[in-house]
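First comes the structure, then the notes that go with it.
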There are 2 protein chains.
Amino acid sequence: MSHLGYARLMAVDRDHVLRTAAALLTRRSTATMDEVAKAAGISRATLHRQFAGRDALVRALESLGISECEAALGRARLDEGPAAEAVRRLVREIEPSAGLLAFLYSENQLFEGEEQNAGWERIDARVTALFRRGQDSGEFRIDLSPAWLTEALYGLLAAGAWSVLDGKVARNDFTFMIAELLLGGALRREES
Amino acid sequence: MSHLGYARLMAVDRDHVLRTAAALLTRRSTATMDEVAKAAGISRATLHRQFAGRDALVRALESLGISECEAALGRARLDEGPAAEAVRRLVREIEPSAGLLAFLYSENQLFEGEEQNAGWERIDARVTALFRRGQDSGEFRIDLSPAWLTEALYGLLAAGAWSVLDGKVARNDFTFMIAELLLGGALRREES
DNA sequence: TCTGCATGAGACATCCATGTCTCACTTGGG
DNA sequence: CCCAAGTGAGACATGGATGTCTCATGCAGA
């Protein structure tokens with residue numbers, strides 16, 4: 001039992017640290033290990049005991065982002081119903097992770113290749129498949145590649161997360177704005 | 001003449017350094033002053049003679065980005081013709097600066113306030129006014145705020161620039177993809 | 001109560017980017 | 001030809017973040 005209790009305690013703490021670190025690094029991506037520790041309410045020593053170093057922390061955050069993304073992908077049920085509705089569900093489900101995603105998105109413009117590319121590629125594949133399904137069903141236009149629609153979704157998620165952080169847009173509008181712009185664009189539609 | 005020649009020479013070198021630095025920092029935003037110097041083909045000492053430090057370099061890049069943006073805004077003639085066409089012109093004119101803009105965009109998620117906010121606010125105001133004009137003329141939908149459309153444009157420009165760098169989309173498609181997604185979205189339009 | 005264990009606090013040592021300085025070179029103008 | 005100015009190369013000091021270590025404290029379980 002001591003083993004189980006120990007492991008569970010560590011897991012809980014680790015998760016709490018990861019989430020506060022994500023919240024902090026979303027706002028200031030250069031935050032110090034000391035700041036991360038303070039934000040989590042623990043000492044730098046303990047932080048180092050849980051994560052070997054800054055790299056390990058960022059990699060753990062990346063794992064967290066990947067698993068949250070995949071969880072959101074699962075909840076969104078991308079294969080069911082109209083592709084447009086699936087996109088709306090996806091944006092709604094991924095909203096709580098958007099800040100973390102934005103951090104990782106801008107961070108990964110640096111770490112080329114290596115790392116846990118496999119996870120992101122799996123996610124990319126699922127999102128891209130969704131857009132391709134929408135094209136095949138005739139819902140989506142075919143002159144914008146699924147790859148670009150996927151990247152655009154990431155860019156809009158990051159822009160939305162940062163806009164909310166800056167107070168430029170209301171948090172409640174996040175899902176609506178992103179999904180509507182991605183799907184319908186800025187132009188008015190004649191019919192509807 | 002020695003004064004003039006000196007000033008002109010420095011200006012040319014300075015511009016060359018700025019542009020190579022922009023190209024490098026677009027790819028690796030944490031590049032060292034030493035790497036920046038090597039990329040520009042000068043020594044670190046000379047780099048320091050032209051830019052007091054890294055901050056000064058980044059601030060100079062910010063000034064460059066602001067002036068390139070304003071130049072693009074001017075060439076795009078945002079007040080003329082349909083707003084949608086003005087948006088397309090803007091994206092086309094701003095494309096060469098998109099990489100630099102992406103760097104500054106992600107960088108500014110860190111430097112809160114201070115700096116030369118005035119320049120960005122002027123640009124924001126002009127872009128926002130364009131979207132507002134499109135709404136007033138009935139071209140653009142009114143359920144997406146001009147502020148969000150502006151932020152979305154920035155996000156899409158960054159996503160596009162990075163996608164091109166990563167080889168995920170072709171450079172030739174840059175303008176088309178961004179303008180089309182921003183204006184029309186992913187959904188197929190019934191008529192047209 | 002006693003004991004083990006994680007923690008917090010802090011003292012180092014280390015690394016790396018930065019910033020400053022010197023000195024020799026070469027280059028262009030007088 | 002000579003000199004002044006810019007440059008490149010490199011040494012050097014500095015600061016900040018990181019990583020490692022020790023030690024005292026607090027706490028939970030035996």
Side-chain angles (χ1 to χ4, degrees), chain A residues 1-22 24-62 103 106-107 109-112 115, chain B residues 1-62 103 106-107 109-112 114-115:
Chain A
M1 194 182 86
S2 87
H3 271 63
L4 252 179
Y6 169 80
R8 202 158 55 87
L9 178 62
M10 295 297 287
V12 169
D13 279 348
R14 182 187 154 94
D15 191 72
H16 171 246
V17 171
L18 275 179
R19 298 198 177 275
T20 52
L24 175 59
L25 290 174
T26 293
R27 286 172 298 168
R28 310 198 318 118
S29 58
T30 62
T32 284
M33 290 292 276
D34 207 51
E35 297 176 284
V36 172
K38 276 184 176 53
I42 63 177
S43 71
R44 199 165 63 97
T46 301
L47 179 59
H48 263 279
R49 286 184 189 109
Q50 291 185 334
F51 303 97
R54 195 175 218 286
D55 290 352
L57 176 62
V58 173
R59 272 188 287 111
L61 282 173
E62 199 169 10
F103 164 69
S106 60
E107 196 81 352
Q109 305 305 329
L110 168 58
F111 299 152
E112 334 191 318
E115 14 153 6
Chain B
M1 195 183 88
S2 91
H3 271 64
L4 252 178
Y6 169 80
R8 201 157 58 85
L9 177 62
M10 293 298 288
V12 169
D13 279 348
R14 184 186 153 94
D15 192 71
H16 171 245
V17 171
L18 275 179
R19 298 199 176 277
T20 52
L24 175 59
L25 290 175
T26 294
R27 286 173 298 170
R28 311 199 318 119
S29 58
T30 61
T32 284
M33 290 292 276
D34 207 48
E35 298 175 283
V36 172
K38 275 185 175 53
I42 62 178
S43 71
R44 199 165 63 96
T46 301
L47 178 60
H48 263 279
R49 287 183 191 110
Q50 292 184 333
F51 302 98
R54 195 176 217 285
D55 291 353
L57 176 63
V58 173
R59 272 186 287 111
L61 283 172
E62 200 168 9
F103 162 69
S106 60
E107 195 82 352
Q109 304 305 327
L110 168 58
F111 299 152
E112 334 190 318
E114 11 106 14
E115 13 154 8

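Values below: every heavy atom of this structure, side chains too, minus hydrogens, waters and symmetry copies. Residue numbering restarts at 1 for every chain, and letters A, B, ... go by the order of the sequence lines.
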Would you sort out whether A/Thr20 and A/Val36 count as a side-chain contact (heavy atoms from CB on, under 4.5 Å), showing the intermediate values?
-> CA-CA 8 Å; A/Thr20 52; A/Val36 172; 5.9 Å; no

Atom CD of A/Gln50 and atom P of C/dT7 are separated, to the nearest Å, by 6 Å

ask   = Are any of the side-chain heavy atoms of B/Glu35 and B/Arg28 separated by less than 4.5 Å?
value = yes

In 5'-to-3' order, the base (B), backbone-only (S) or no-contact (-) status of each nucleotide in nucleotides 16-23 of chain D, using a 4.0 angstrom heavy-atom cut-off, is -SBBB-B-

Atom NE2 of A/His16 and atom P of C/dT7 are separated, to the nearest Å, by 13 Å

A/Lys38 NZ to C/dT7 P, in whole Å, measures 17 Å

By side chain to side chain donor-acceptor pair (under 3.5 Å), B/Thr32 pairs with (sequence neighbours left out) none

If only side-chain N and O atoms of B/Thr46 are considered, is one of them under 4.0 Å from the OP1 or OP2 phosphate oxygen of D/dG8?
yes

**Message:** Set out, in order, the CA-CA distance, both residues' side-chain angles and the distance that settles side-chain contact (heavy atoms from CB on, under 4.5 Å) for B/Phe51 and B/Arg14, then state yes or no.
**Reply:** CA-CA 9 Å; B/Phe51 302 98; B/Arg14 184 186 153 94; 3.3 Å; yes

The reported gap from NZ in A/Lys38 to CG in A/Leu47 (rounded to nearest 0.5 angstrom) is 11.0 Å

To the nearest angstrom, the CZ-C1' distance between B/Phe51 and C/dG19 comes to 16 Å

Residues passing the salt bridge (Lys or Arg N to Asp or Glu O under 4.0 Å) test with B/Arg54, sequence neighbours excluded, are none

